[in-house]
Amino acid sequence: MIRPNPYAKMQNDAIMTASKEELTLMLYEGGIKFCNLALVAMEKKDVQKCNEHIQRVQDIVREFQITLNFAYPIAHELNNLYDYMHRRLVTANIRKDLTILKEVLGMFRSMRDTWKDAMKLARAGH
C-alpha cells in the first residue's frame, strides 16, 4: 500500500490557497532551488540530473513569460529579460557551464528580492 506524502499535500494546499503575489514568489523560489540543484549536479558531473533541473528552471522562466500582462510597459522589458535568461539556460545546459548558471541564479535572486520588497510595500499601502 502506497502512503500519501504529507509534504506533497501540504505543498499542494499552499499553492492552491496562495495569492497571485505569493505564487510569483514561489516561482522565483523554485527557480533558485532548481538552479542550485543543477549547480550541484553539474559539479558532480551528473549530466542527466543537471539537464532535468535546468529544464525545470526553463519551465519557470517560460511560465513567467506566458503570464505577462502586456498592457503594462514593463512587461515588454521583463519579456526581454526572461528571453535572455532562457537563452542563457539553454547555453548553460549545452555547455554544462557553471558560470552561466550562476549568472541566471543571481538574476533569480535579485528578482526574488525585488519582488519581496514590492510585496512589503504593497502590504504597507505605499
Side-chain angles (χ1 to χ4, degrees):
M1 177 175 187
I2 298 176
R3 299 183 107 159
N5 181 343
Y7 176 74
K9 182 185 179 337
M10 186 174 71
Q11 185 177 23
N12 187 54
D13 290 347
I15 291 169
M16 298 305 289
T17 59
S19 68
K20 290 179 185 179
E21 295 80 11
E22 291 167 330
L23 287 172
T24 299
L25 182 59
M26 287 179 192
L27 282 173
Y28 283 126
E29 296 286 357
I32 292 166
K33 171 187 168 183
F34 289 111
C35 273
N36 280 322
L37 289 171
L39 283 169
V40 169
M42 198 178 284
E43 288 170 347
K44 290 181 177 181
K45 308 282 189 235
D46 187 339
V47 176
Q48 182 177 345
K49 282 289 182 194
C50 180
N51 177 57
E52 290 171 13
H53 297 312
I54 290 176
Q55 285 183 358
R56 296 288 298 270
V57 180
Q58 289 173 304
D59 290 344
I60 290 169
V61 170
R62 287 299 185 210
E63 181 65 23
F64 278 126
Q65 282 189 290
I66 64 173
T67 58
L68 285 172
N69 182 347
F70 287 95
Y72 298 98
I74 194 166
H76 297 282
E77 294 174 35
L78 286 170
N79 189 54
N80 290 338
L81 179 60
Y82 294 140
D83 190 53
Y84 173 80
M85 292 171 75
H86 190 270
R87 286 193 320 265
R88 296 298 282 165
L89 287 164
V90 169
T91 302
N93 202 4
I94 290 168
R95 296 181 186 166
K96 301 302 181 245
D97 189 315
L98 283 168
T99 304
I100 295 172
L101 196 52
K102 288 178 182 177
E103 173 192 359
V104 174
L105 176 60
M107 294 170 81
F108 261 107
R109 285 181 175 150
S110 177
M111 294 170 80
R112 185 249 347 247
D113 293 346
T114 301
W115 187 254
K116 280 180 161 180
D117 290 343
M119 288 175 65
K120 287 176 191 173
L121 286 173
R123 284 188 201 126
H126 291 98

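Counting from 1, the numbers follow the sequence of the chain as shown.
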Is Trp115 reachable from Ile66 through a run of I, L, V, M, F, W or Y residues, each pair having side-chain heavy atoms under 4.5 Å apart?
no

Output every pair passing ring-ring contact (aromatic ring centres under 6.0 Å, His included) with a member in residues 30-49, not counting sequence neighbours, ordered by first then second residue.
none

If you group Ile, Leu, Val, Met, Phe, Trp and Tyr whenever their side-chain heavy atoms sit less than 4.5 Å apart, what else falls in with Val47?
none

Distance only, no hydrogens: is a donor on one side chain within 3.5 Å (strictly under) of an acceptor on the other, for Gln55 and Asn51?
yes

Find the distance between CG (Asp59) and CZ (Arg56) and round it off to the nearest 0.5 Å.
7.5 Å

Do Lys96 side-chain atoms and Asn93 backbone N/O form a donor-acceptor pair below 3.5 Å?
yes

Between Leu89 and Leu101, is there a side-chain heavy-atom distance shorter than 4.5 Å?
yes

Are Val57 and Leu37 connected, step by step, through hydrophobic side chains (Ile, Leu, Val, Met, Phe, Trp, Tyr) whose heavy atoms are closer than 4.5 Å?
yes

Could you tell me if the side chain of Val90 sits less than 4.5 Å from the side chain of Ile94, heavy atoms only?
yes

CD of Glu22 to CG of Leu27, rounded to nearest 0.5 Å, is 12.5 Å

Please report the interatomic distance CD(Glu63) to CD(Gln58), rounded to the nearest 0.5 Å.
14.5 Å

Tightest non-hydrogen contact, residues Leu68 and Ala75, listed as CD1-O, 3.5 Å

Closest approach of Ala38 and Ile54, non-hydrogen atoms and distance?
CB-CG1, 3.7 Å

Show your working on side chain to side chain contact (heavy atoms under 4.5 Å, CB included) between Leu25 and Glu21 and close with a plain yes or no.
CA-CA 6 Å; Leu25 182 59; Glu21 295 80 11; over 6 Å; no

When clusters are formed by joining ILVMFWY residues with side-chain heavy atoms under 4.5 Å apart, either directly or through shared neighbours, do Val61 and Leu81 land in the same one?
yes

Ignoring hydrogens and geometry, is there a side-chain-to-backbone donor-acceptor pair from Ser110 to Gly106 under 3.5 Å?
no

Side-chain contact test, heavy atoms from C-beta onward, threshold under 4.5 Å: evaluate it for Asp83 versus Arg62 and give yes or no.
yes

Under the side chain to side chain contact (heavy atoms under 4.5 Å, CB included) criterion, do Met111 and Leu78 qualify, and how do the steps go?
CA-CA 10 Å; Met111 294 170 80; Leu78 286 170; 4.3 Å; yes

Side chains of Val40 and Lys49: closer than 4.5 Å at any heavy-atom pair?
no

Relative to the ring of Phe64, is the ring of Tyr82 parallel (under 30°), tilted (30 to 60°) or perpendicular (over 60°)?
parallel

Could you state whether Met26 and Val104 fall into the same hydrophobic cluster, counting links through intermediate Ile, Leu, Val, Met, Phe, Trp or Tyr residues with side-chain heavy atoms under 4.5 angstrom apart?
no

Would you call Phe108 and Met85 a side-chain contact if the rule is heavy atoms closer than 4.5 Å?
yes

Connected via hydrophobic side-chain network under 4.5 Å: Leu23 and Tyr28
no

side-chain hydrogen bond (donor to acceptor under 3.5 Å, both in side chains) partners of residues 97-109, not counting sequence neighbours, each pair once:
Tyr84-Glu103, Arg88-Glu103

Counting neighbours of OH on Tyr72 that are heavy atoms of other residues, nucleotides or ligands and sit closer than 6.0 Å, is the number greater than 12?
no

